[in-house]
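Notes follow the structure.
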Amino acid sequence: MRLNGQRRWAAAGVAVATAVATFGVALSAPAGAAPGCRVDYKANNWGGGGFGAAVKITNLGDAVSNWTLKFSFPGGQRVTQGWSATWTQSGADVTAANASWNGSLGTGASIDIGFNGSYTGSTNADPTSFSLNGTVCTGLQPPTTTTTTTTSGDPNPDPGNRVDNPYVGAKQYVNPDWSAKAAAEPGGSRVANQPTGVWIDRIAAITGTADSRGIVGHLDEAVRQAAGSPLVIQFVIYNLPGRDCSALASNGELKATEIDRYKTEYIDPIAAILARPAYKDLRIVTTVEIDSLPNLVTNVTPRPTAVPQCDVMKANGNYVTGVGYALAKLGAVPNVYNYLDIGHHGWIGWDDNFGPTAELLFQAANASGSTKANVQGFIANTANYGALREPNFTIDDTVNGTSVRQSKWVDWNRYVDELSYAQAFRQRAVQAGFDANVGMLIDTSRNGWGGAARPTGPGPKTTVDAYVNGGKLDRRIHLGNWCNQSGAGLGERPTAAPASGVDAYVWMKPPGESDGASKEIPNNEGKGADKMCDPAYTGNVRNGNNLSGALADAPLSGKWFSAQFQELMRNAYPAL
Ligand code: BGC
């Protein structure tokens with residue numbers, strides 16, 4: 001019997017019967033009992049000696065501004081990880097003290113805390129008495145224990161076993177905050193029901209910001225949307241120390257050295273929330289630290305594209321340490337699926353970059369106590385614009401004896417589009433040591449390249465450049481351009497298992513959210529002004545000194561950019 005394999009049973013269509021013992025959950029304190037507190041304690045045993053417990057504390061006495069809950073385990077249980085309180089244990093005695101943000105508890109108010117624990121032997125007896133601030137909780141409900149049994153045996157004997165492709169047979173979470181913005185645009189209701197990534201782009205995003213709900217709010221809504229079926233919810237983990245070392249638009253809040261804050265204030269609280277029993281049936285996809293490791297391959301000394309800040313991050317090791325830590329902590333949650341970022345073909349598709357990126361990712365997957373088992377796969381093209389397929393030419397074509405690789409656009413790259421890149425990277429990653437069943441995600445949110453200017457066939461075979469330029473769908477000025485690209489359109493709608501080796505096409509970057517501000521905008525998110533977001537900028541070595549191709553008047557990265565959203569809808573391919 002185990003709860004954390006349930007997603008797999010559901011996918012396999014095996015019925016799961018849940019026996020819940022309840023004892024008048026809604027009762028108030030017994031008449032005549034001294035006012036004080038009530039505790040509802042619910043343990044979910046998942047077998048193998050593991051369990052999760054949800055603990056609801058209700059204050060039946062005077063309002064308090066701090067609280068401490070105490071109880072004792074009757075059978076040698078241990079708390080392994082707790083949330084929404086500071087949990088300590090001494091022998092059998094457990095103490096949960098309020099966190100900084102939930103100390104005040106009014107009369108009649110309740111608070112939900114919880115923990116994961118371990119037990120030995122065949123039973124996991126509930127504690128029989130609780131006290132709050134020294135007062136025994138006489139309004140205690142008889143403890144309840146939830147057990148889960150399968151009707152046809154246990155097809156998933158390994159509690160950590162995930163489904164091979166979480167997207168297959170699952171609904172996907174529609175972020176109501178993004179959806180509302182999309183729906184408010186003229187014509188936006190045509191796309192507002194698409195699933196998009198939820199970016200946890202700073203510590204404050206964990207509990208929620210003015211723009212969006214926090215992780216708990218998303219997960220609660222995801223449980224509601226799931227309505228008992230398998231459902232994928234996608235988070236982007238994006239807050240490394242010294243984030244976005246090669247650009248300025250998405251520089252983050254943590255300084256290059258603040259790896260400890262990354263661990264304790266960012267990853268630990270996220271992992272604790274994702275591990276809550278209430279979310280055990282969701283398939284939680286995390287895409288881990290966009291752009292970070294690829295930057296350590298290409299934008300460091302002695303490359304001509306080196307950026308001092310990337311040299312700093314390579315030397316201090318904090319990207320590798322942080323990614324390893326994130327993988328280990330998030331991967332310890334049995335229903336989390338980690339995907340590592342691999343940039344895109346117009347970045348890592350050159351021979352010098354391709355293998356070294358796979359090797360570096362493998363190193364990070366084994367850093368900070370992580371192992372490769374924590375990596376479900378990889379994601380290509382996150383928030384970028386590379387075409388999914390270039391149907392009008394291949395890398396093997398030649399024009400008058402000259403290879404397509406020698407064209408200005410391809411410039412010796414080994415790939416011409418994201419699909420061929422992602423499929424090849426999968427194989428190279430396996431060669432580097434990753435498991436043979438890793439799967440790819442491709443962000444197709446903004447790589448549609450439709451609209452009136454979309455070529456309908458190959459270019460003329462007069463010169464290799466005429467051939468490539470005349471036939472290519474990607475209409476960027478240069479492959480290295482990445483900010484709010486003019487002419488781009490929505491790409492393939494999110495789809496499960498669309499091609500060999502590909503787990504899904506996803507919309508990880510929420511269309512309509514800016515890549516960066518066209519000019520300096522003061523903010524408290526650490527974000528700088530990157531010239532690549534200014535349409536007048538004439539470029540640098542990373543984009544071959546070309547114009548940036550960015551739309552004008554863009555707001556700060558992550559903020560809603562109505563004009564871009566309209567253009568993405570206009571140039572959608574497939575068309576809306
Ligand atoms: C920004 C994030 C934002 C994300 C999704 C990134 O470029 O830095 O703040 O959440 O895009 O729009």
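Below, each value reflects all heavy atoms present in this structure, side chains not excepted, and no hydrogens, waters or symmetry copies. Ligands are counted one by one from 1 in listed order, and the atoms in each one are counted from 1 as well.
- By the neighbour-count criterion of 12 heavy atoms within 6.0 Å, atom OH of Y279 is densely surrounded, having more than that number from other residues, nucleotides or ligands.
- Listed by chain and residue number, H344, R476 satisfy the side chain to side chain donor-acceptor pair (under 3.5 Å) test with N384 (two or more places apart in sequence, or in another chain).
- Within the structure, the disulfide (SG to SG under 2.5 Å) test picks out the following pairs touching residues 505-576 (sequence neighbours left out): C483-C533.
- D435 has a carboxylate O that lies under 4.0 Å from a charged side-chain N of K372, or vice versa, which qualifies the two as a salt bridge.
- Checked against side chain to side chain donor-acceptor pair (under 3.5 Å), D417 has the following partners two or more places apart in sequence or in another chain: S420.
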One pair per line, please: each N/O atom of ligand 1 matched with every protein N/O atom under 3.5 Å away, atom names first, then the distance to 0.1 Å.
{"from": "ligand 1", "atom 1": "7 (O)", "to": "S250", "atom 2": "OG", "distance (Å)": "3.0"}
{"from": "ligand 1", "atom 1": "8 (O)", "to": "S250", "atom 2": "OG", "distance (Å)": "2.6"}
{"from": "ligand 1", "atom 1": "8 (O)", "to": "S557", "atom 2": "OG", "distance (Å)": "3.1"}
{"from": "ligand 1", "atom 1": "9 (O)", "to": "D201", "atom 2": "OD2", "distance (Å)": "2.4"}
{"from": "ligand 1", "atom 1": "9 (O)", "to": "K527", "atom 2": "NZ", "distance (Å)": "2.6"}
{"from": "ligand 1", "atom 1": "10 (O)", "to": "D201", "atom 2": "OD2", "distance (Å)": "3.3"}
{"from": "ligand 1", "atom 1": "11 (O)", "to": "K509", "atom 2": "NZ", "distance (Å)": "2.9"}
{"from": "ligand 1", "atom 1": "12 (O)", "to": "K509", "atom 2": "NZ", "distance (Å)": "2.9"}
{"from": "ligand 1", "atom 1": "12 (O)", "to": "E513", "atom 2": "OE1", "distance (Å)": "2.5"}

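- For N523, the CG atom counts as densely surrounded, since its 6.0 Å shell holds more than 12 non-hydrogen atoms of other residues, nucleotides or ligands.
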